[in-house]
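Report on one structure; see the data block that follows.
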2 protein chains.
Amino acid sequence: MRVLGVDPGSQATGYGLIERVDGRVRHVRHGVLRPPTGADLAERLRFLHAGLLAIVQTEGPEVAVVERVFLAANPRSALVLGQARGAILASLAAGGVRVSELAARQVKKAVTGMGGADKAQMQTMVKRLLALDAPPPSDAADALALALTFAQAGPLAELAVGRGRARRRNGRRAMTALVTGRAR
Amino acid sequence: MRVLGVDPGSQATGYGLIERVDGRVRHVRHGVLRPPTGADLAERLRFLHAGLLAIVQTEGPEVAVVERVFLAANPRSALVLGQARGAILASLAAGGVRVSELAARQVKKAVTGMGGADKAQMQTMVKRLLALDAPPPSDAADALALALTFAQAGPLAELAVGRGRARRRNGRRAMTALVTGRAR
């Protein structure tokens, strides 16, 4: 099963593709889509839509995972994020990919053990878990982390937010077992 | 010149196409795109993107006009509007249409003479100006009004907000002359 994580943003949309085979996860590719800075809004959104659709059509993921939005800071930033998100989600559905959402806190917890992990910690852990040569750019690291969390927990992960310590501890152990290939 | 007005919304996206030939405007078509209510968010956004792209490719407008967003009421509604807007704008750019924005207040003023016109007043005036048999649905009326205002004023309309009474009066006279075909 191939899982595509996507971190939508109007300036930079990160993506990260992983593959799960026989209970092990391997890195396929990651990157950041950056619309031309001089282009107008509609053209930048078209760029994101077309860019992601090309990746979906080339790589054929079964599932895409995006961050769930709880509360944006203010109406202006919510609108800007919403616009990027709208282009991205339309593109994923156009590519025939099922879309799932995960909470940022849950992803950070699953990947680093800390719900409040910062960007550098996420990059370091994603690099280590996927045995990459270098830490991915922050947007791509977040996208890979979304994909990893989904691949580890499956669709049930969507229900798992805030279920107490034992569950988090088990989740962390499961993640390490998954990426190292140890028996669960 | 063909001008497509679009009023983006996640439940209902109105569109209205008019044509300007020899200084006169005629109605081409209008309607409302309603994504299937049972579908998930990504699928509804794909529906809007694909639906509008089909209209653009069939009708070949030179310009699309959408409402400028100043300040959404709250982050949640801004996010929802932003998502619909993102899918719509990406679609317009994918169809090769130039996208222009107009303020709602300016459109209401141009069409009804009142910046605070309500939905029913907009529907009535759009019906009258375009000599339609019946008032269009509200979302489509707003879309047609965007197209009419753009066709009347051209790209300069974007600069014309709040320029005083004389300008508004002239604008109203110009709109009536335009749609009735009287010399300006």
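Proteins get letters first, then strands, A, B, ... in listed order; numbering begins at 1 in each. Computed from a prediction, not measured in an experiment: that's the story for all the values here.
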TODO: Return the option, out of A:H49, A:Q83, A:R85, with the maximum number of heavy-atom pairs under 4.5 Å with chain B.
DONE: A:Q83
Open item on the list: Once rounded to the nearest 0.5 Å, what's the spacing between atom CD of B:E43 and atom CG of A:L89?
Closed with: 11.5 Å
Task: Joint hydrophobic cluster, B:L52 plus A:L41, side-chain heavy atoms closer than 4.5 Å - done: yes
Task: Proximity breakdown for A:A94 and chain B, heavy-atom pairs closer than 4.5 Å - done: both
Task: Hydrophobic cluster identity match, A:L4 and A:L53, side-chain contacts under 4.5 Å - done: no
Open item on the list: Quick check on the structure: residues of residues 26-35 of chain A within a heavy-atom distance below 4.5 Å of chain B, by number.
Closed with: none
Open item on the list: With chain A as the partner, which of B:A84, B:A87, B:S91, B:A64 has the greatest number of non-hydrogen pairs under 4.5 Å?
Closed with: B:A87
Open item on the list: Under 4.5 Å from any heavy atom of chain B, what part of A:L92 do you find: side chain, backbone, both or neither?
Closed with: neither
Task: Heavy-atom closest contact (B:A42 atom, A:A93 atom, distance) - done: O-CB, 3.3 Å
Task: Over 12 non-hydrogen atoms of neighbours within 6.0 angstrom of CD in B:E62 - done: yes
Task: Pairwise side-chain contact, B:L79 with A:L79, heavy-atom cut-off 4.5 Å (strictly under) - done: no
Open item on the list: Assigning hydrophobic clusters by single linkage (Ile, Leu, Val, Met, Phe, Trp, Tyr; side-chain heavy-atom cutoff under 4.5 Å), is A:V80 placed with B:L81?
Closed with: no
Open item on the list: Within residues 134-142 of chain A, which residues come under 4.5 Å of chain B, heavy atom to heavy atom?
Closed with: none
